[in-house]
Amino acid sequence: MAEIPQPGATSSIEDQIRLREQKAEQLRERGVNPYGTGVAVPHTTGIVRARHESDDAAALEANRSEDYGLAGRVMALRTMGKATFASLRDRDGDLQVFIKKDKVGDAAYELLKQIDLGDIAFARGRAMRTRTGELSIEAVEFKLLSKALRPLPEKWHGLQDVETRYRQRYVDLAVNPEVREAFRRRAALISGLRRFLDERGYLEVETPILHKPEEAGGAAARPFQTHHNALDLDLKLRIATELHLKRLIVGGLERVYELGRIFRNEGIDRRHNPEFTTVEFYQAYATHEDLMLLTELLVSRLALEVTGAAVVPYQGALIDYTPPWPRVSMAFEVARLYGVAGLDGLEKLPDAAWLAKADKDEPRKKFTHAHSTGAKIAWAFETFIEPMLRSDRPSFVIDYPIEVSPLARRRDSEPRLVDRFEAFAGGMEIANAFSELNDPRDQEARFRAQVEAAARGDVEAMPYDRDFIRALEHGMPPTAGEGLGIDRLAMLFTDSASIRDVILFPLLKPEAEEGR
RNA sequence: GGGAGCGUAGCUCAAUUGGCAGAGCAAUGGACUCUUAAUCCAUAGGUUGAAGGUUCGAUUCCUUCCGCUCUCACCA
């Protein structure tokens, strides 16, 4: 038979690719299509493992199993002359295949020489245990399905380089099992969430992602710009789903949710990706109190479903999601911090007293942007109290000032506050919810204030959405709504420090031209 | 955008005061019918992110640029 090795062959990446191409060519010459199709793959490694986990070697000898047909990536090859051990990795995991020359035949065994690590291969044979007890497939057939031209990263350390892991996620997924697990958990999180809401009579809906300029509100953020050619229309990518979902509440759907991508033209860091996933849900005739109960039930159930426990490790801490979650009053805690009596006391605090607690430049600078008592309360909370929130429990922060809550309903018993909460866990905001503002005239006034803010140069101010006012004028039932950050929850349930570890293809700067 | 750090073989990592750029895995050839980070023998693989500078000599020192990480700013 023809010899592949070339004298003077090197092992630069180009040479390795060329060698593998030559192997593919040799297989073609022997009638094997290195990129064939139509191979039935009736089983998975998981099926074999589940069926024979408790069978010992003797049992498998006495009771011959059926022949299993498996396909996957060749992750290891250990050749011992006329016997070879291969590890095949499919969606369920890895399984060893024991290939003996006298079982597969001389010709098939010879073709093994054309198999490289990383190739996609098919194996057929009964279940057995090797001398060391490892459950294996004793191959009666082993063949190439797809030739890999590039070598896999090292088997022991896997792919470590963070940048390559994100840019070439296919390699990361192929060789790093914990990455597969993280995205499995993300999928379980999303399907569990859907199930939870569906069971409670919420209707899943889809609203536009392309927003006309006047629609791109619902949050304080800068949008991405785009353009529709046929209509010659400037459009923006949505920064929230809020305003469309509330229109559906006006329309009488009563319970709706949208799970989807939103886009914010802002900085990128460990907790922020320009496109990310939220679920927003709105429930007519509910209050923010109802949503607090719903949230702690939902998140604790998801923790259990996704991770198998209600107490989940995150970055060195253990977070116990069991309800009820501790509640922290923003207004009360800030008043207590300053030793004054409630909102009345805080309103009388001079700026010098507010700043007395801040000894660093940066919070002092931020304070100059706080133009109302409410904004100062929020500043003090974020600066001094938020970092002290318990790390072993999620927390609800309640009693938000109206000045920092432009879409929330004023509280009847205390008009300086709104019926709103945010949920925090692992040092991150994971949810924001409130009883919705449904007074069209009040909403008009708040839009107007936003337009004025925009005129003053606030690039994150919302536009005046005339049609949304028209919708509210038709009457929106008293409603509570909430937004949950799916990526943040995925981080918490996978113990990921970076949002990029739970987004398959995070946004990166373009890669340099050279190199392959 | 500011600050700090990192970038060496396909992968994971070394390289002394600035003195011939190395190892393991992967690859190639050979031996081996129960290995599992297989083992053994042999071989080959480098624009040290890019460009420039200092120097007899630069992976090492300097400048600029590119990318990534952390951090600050920004950010419901």
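All chains are named by letter (A, B, ...) in the order of the sequence lines, taking the proteins before the strands, and each is independently numbered beginning at 1.
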Check your understanding: Across all strands, who's sitting opposite B:C61 as a Watson-Crick or G-U wobble pair, both distances under 3.5 Å?
Key ->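 Base-paired to B:G53.
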Review point. Which base sits across from B:U69 as a Watson-Crick or G-U pair, both distances under 3.5 Å?
Key: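 For B:U69, the partner nucleotide comes out as B:A4, under the 3.5 Å rule.
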For a quick check of understanding: with a heavy-atom distance under 4.0 Å over all strands, which category does [X] fall into, base, sugar-phosphate or nothing?
{"X": "A:Ser12", "value": "sugar-phosphate"}
{"X": "A:Met128", "value": "base"}
{"X": "A:Gly158", "value": "sugar-phosphate"}

Between [N] and [M], how far apart are the two [atom1] atoms, rounded to whole Å?
{"N": "B:U17", "M": "B:U55", "atom1": "P", "result": "23 Å"}
{"N": "B:C62", "M": "B:G18", "atom1": "C1'", "result": "13 Å"}
{"N": "B:C6", "M": "B:G24", "atom1": "C1'", "result": "22 Å"}
{"N": "B:U8", "M": "B:G45", "atom1": "C1'", "result": "14 Å"}
{"N": "B:C25", "M": "B:G19", "atom1": "C1'", "result": "30 Å"}
{"N": "B:A37", "M": "B:A21", "atom1": "P", "result": "36 Å"}
{"N": "B:G46", "M": "B:G22", "atom1": "P", "result": "12 Å"}
{"N": "B:G3", "M": "B:U59", "atom1": "C1'", "result": "25 Å"}

Review point. With no angle test and no hydrogens, is the base of B:U28 tied to the side chain of A:Gln16 by a donor-acceptor pair under 3.5 Å?
Key: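 Answer is no: no donor-acceptor pair is held.
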**Study point:** Side-chain donor/acceptor of A:Ser11 to base of B:U28, under 3.5 Å
**Key:**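 Per atom types, no contact qualifies.
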Would you kindly give the [atom1]-to-[atom2] distance between [X] and [N], to the nearest whole Å?
{"X": "A:Asp119", "N": "B:A26", "atom1": "CG", "atom2": "P", "answer": "15 Å"}
{"X": "A:Glu154", "N": "B:C25", "atom1": "CD", "atom2": "C1'", "answer": "4 Å"}
{"X": "A:Leu77", "N": "B:A27", "atom1": "CG", "atom2": "C1'", "answer": "13 Å"}
{"X": "A:Ile13", "N": "B:G46", "atom1": "CD1", "atom2": "P", "answer": "12 Å"}
{"X": "A:Ile137", "N": "B:C34", "atom1": "CD1", "atom2": "C1'", "answer": "16 Å"}
{"X": "A:Leu159", "N": "B:A26", "atom1": "CG", "atom2": "P", "answer": "17 Å"}
{"X": "A:Arg129", "N": "B:U35", "atom1": "CZ", "atom2": "P", "answer": "16 Å"}
{"X": "A:Ile17", "N": "B:G45", "atom1": "CD1", "atom2": "C1'", "answer": "14 Å"}

Point to revise | 5' priority, RNA chain B, between A:Asp161 and A:Asp116 [closest heavy atom] | key: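 The residue whose closest nucleotide sits nearer the 5' end is A:Asp161.
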**Study point:** Residue mapping more 5' on RNA chain B - nearest nucleotide basis, A:Arg78 or A:Leu117
**Key:**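 So the residue in question is A:Leu117.
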Check your understanding: After noting the C-alpha distance and the side-chain angles of A:Arg411 and A:Asp419, does the key distance pass the side-chain contact (heavy atoms from CB on, under 4.5 Å) rule?
Key -> CA-CA 6 Å; A:Arg411 182 175 299 173; A:Asp419 291 332; 2.9 Å; yes
Check your understanding: Picking from A:Phe434, A:Phe396, A:Tyr400, what satisfies ring-ring contact (aromatic ring centres under 6.0 Å, His included) with A:Phe421?
Key ->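 Considering A:Phe434, A:Phe396, A:Tyr400, a ring-ring contact (aromatic ring centres under 6.0 Å, His included) with A:Phe421 is found only for A:Phe396.
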Point to revise | Under 4.0 angstrom between A:Lys23 side-chain N/O and B:U28 OP1 or OP2 | key: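 The answer is yes; a side-chain N or O of A:Lys23 sits under 4.0 Å from OP1 or OP2.
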**Study point:** Test ring-ring contact (aromatic ring centres under 6.0 Å, His included) applied to A:Phe98 - qualifying residues, sequence neighbours left out
**Key:**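 Result, ring-ring contact (aromatic ring centres under 6.0 Å, His included) vs A:Phe98: A:Phe85.
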Point to revise | Those residues that, when tested against A:Tyr109, pass ring-ring contact (aromatic ring centres under 6.0 Å, His included) (two or more places apart) | key: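 With neighbours one apart ignored, the set is empty.
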Check your understanding: Does the pair A:Glu482 and A:Thr295 meet the rule for a side-chain contact (heavy atoms from CB on, under 4.5 Å), with working shown?
Key -> CA-CA 9 Å; A:Glu482 173 164 346; A:Thr295 301; 2.7 Å; yes
For [X], give me all partners under side chain to side chain contact (heavy atoms under 4.5 Å, CB included), at least two apart in sequence or on another chain.
{"X": "A:Leu504", "value": "A:Arg169, A:Leu173, A:Phe183"}
{"X": "A:Arg393", "value": "A:Asp320, A:Thr322, A:Trp325, A:Pro326, A:Arg390"}
{"X": "A:Glu163", "value": "A:Asp161, A:Arg167"}
{"X": "A:Lys366", "value": "A:Glu362, A:Trp379"}

Point to revise | Base-contact (B) and sugar-phosphate-only (S) positions in nucleotides 68-76 of chain B, heavy-atom cut-off under 4.0 Å, - elsewhere | key: SSSSSSBBB
**Study point:** Within residues 92-108 of chain A or reaching into it, pairs that qualify as side-chain hydrogen bond (donor to acceptor under 3.5 Å, both in side chains) - sequence neighbours excluded
**Key:**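 Those involving residues 92-108 of chain A are A:Thr44-A:Asp92, A:Arg78-A:Gln96, A:Arg89-A:Asp94, A:Gln96-A:Ser136.
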Practice item. Classify the ring geometry between A:Phe224 and A:Phe263 as parallel (under 30°), tilted (30 to 60°) or perpendicular (over 60°). Key: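 Aromatic pair A:Phe224/A:Phe263 classed perpendicular.
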Enumerate the protein-to-nucleotides 31-33 of chain B contacts in which both atoms are nitrogen or oxygen and the separation is below 3.5 Å.
residue : atom : partner  : partner atom : Å
B:C32   : N3   : A:Thr79  : O            : 3.3
B:C32   : N3   : A:Gly81  : N            : 3.2
B:U33   : OP2  : A:Lys82  : N            : 3.2
B:U33   : O4'  : A:Ala83  : N            : 3.4
B:U33   : N3   : A:Asp102 : OD2          : 3.3
B:U33   : O4   : A:Asp102 : OD2          : 3.4

